[in-house]
Amino acid sequence: MPQEADVLTPRPDVLSELISRYNALGAAQAGPETARAREDAAYTLCVLTGTRDIGAALARARRLLATTAPDTQRTGAPAPFVVVSTGAAAPEDTVVTV
């Protein structure tokens, strides 16, 4: 269970996939389905990064990817977040999939 000092951080593989999807949809021919899919990817990136603007979401996602190790131990369906201990409430740093 997360401690007070723990923070939710989006999973690197989820962020990476969303950035790729958003960029690919921007390069695709614009149609109503493509536009809607791109809006969905943008919205999800904003939610996962805690931003309200796609530019800020992309910048934050890239910063998070640069500082977060990929989860290579995962099995099953991906959870969108990991709990990362800041060390204040836990004896050691931990990464827990929730």
Side-chain angles (χ1 to χ4, degrees):
M1 173 174 243
Q3 302 291 321
E4 262 185 61
D6 295 340
V7 294
L8 290 177
T9 302
R11 291 178 55 103
D13 55 332
V14 173
L15 285 177
S16 234
E17 193 275 327
L18 281 168
I19 291 170
S20 295
R21 185 183 322 160
Y22 179 81
N23 289 333
L25 291 166
Q29 287 186 342
E33 290 178 18
T34 302
R36 179 63 191 174
R38 192 163 199 238
E39 287 174 18
D40 288 347
Y43 174 81
T44 304
L45 276 165
C46 287
V47 169
L48 291 179
T49 59
T51 61
R52 294 180 182 214
D53 172 75
I54 187 58
L58 289 168
R60 178 154 168 75
R62 290 184 180 117
R63 277 194 311 274
L64 288 167
L65 286 173
T67 60
T68 308
D71 179 15
T72 57
Q73 304 283 324
R74 179 180 54 81
T75 59
F81 292 96
V82 292
V83 177
V84 180
S85 173
T86 60
E92 59 189 59
D93 288 341
T94 56
V95 176
V96 180
T97 301
V98 294

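We're numbering straight along the sequence, starting at 1.
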Q: Salt bridge (Lys or Arg N to Asp or Glu O under 4.0 Å) with D40: which residues, sequence neighbours excluded?
A: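 D40 satisfies salt bridge (Lys or Arg N to Asp or Glu O under 4.0 Å) with R36 only.
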Q: Extract all donor-acceptor atom pairs below 3.5 Å that involve side chains of residues 18-32 and protein atoms in other chains or at least two apart in sequence.
A:
residue	atom	partner	partner atom	Å
S20	OG	S16	O	3.1
R21	NE	E17	OE2	3.1
R21	NH2	E17	OE1	2.6
R21	NH2	E17	OE2	3.0
Y22	OH	R38	NH2	3.4
N23	ND2	I19	O	3.3

Q: For a quick test of your reading: what N or O donor-acceptor pairs under 3.5 Å do the side chains of residues 57-65 make, sequence neighbours left out?
A:
residue	atom	partner	partner atom	Å
R60	NE	T49	O	2.9

Q: So how far is it from I54 CD1 to C46 SG, rounded to the nearest 0.5 Å?
A: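 Taking CD1 in I54 and SG in C46, the distance rounds to 5.0 Å.
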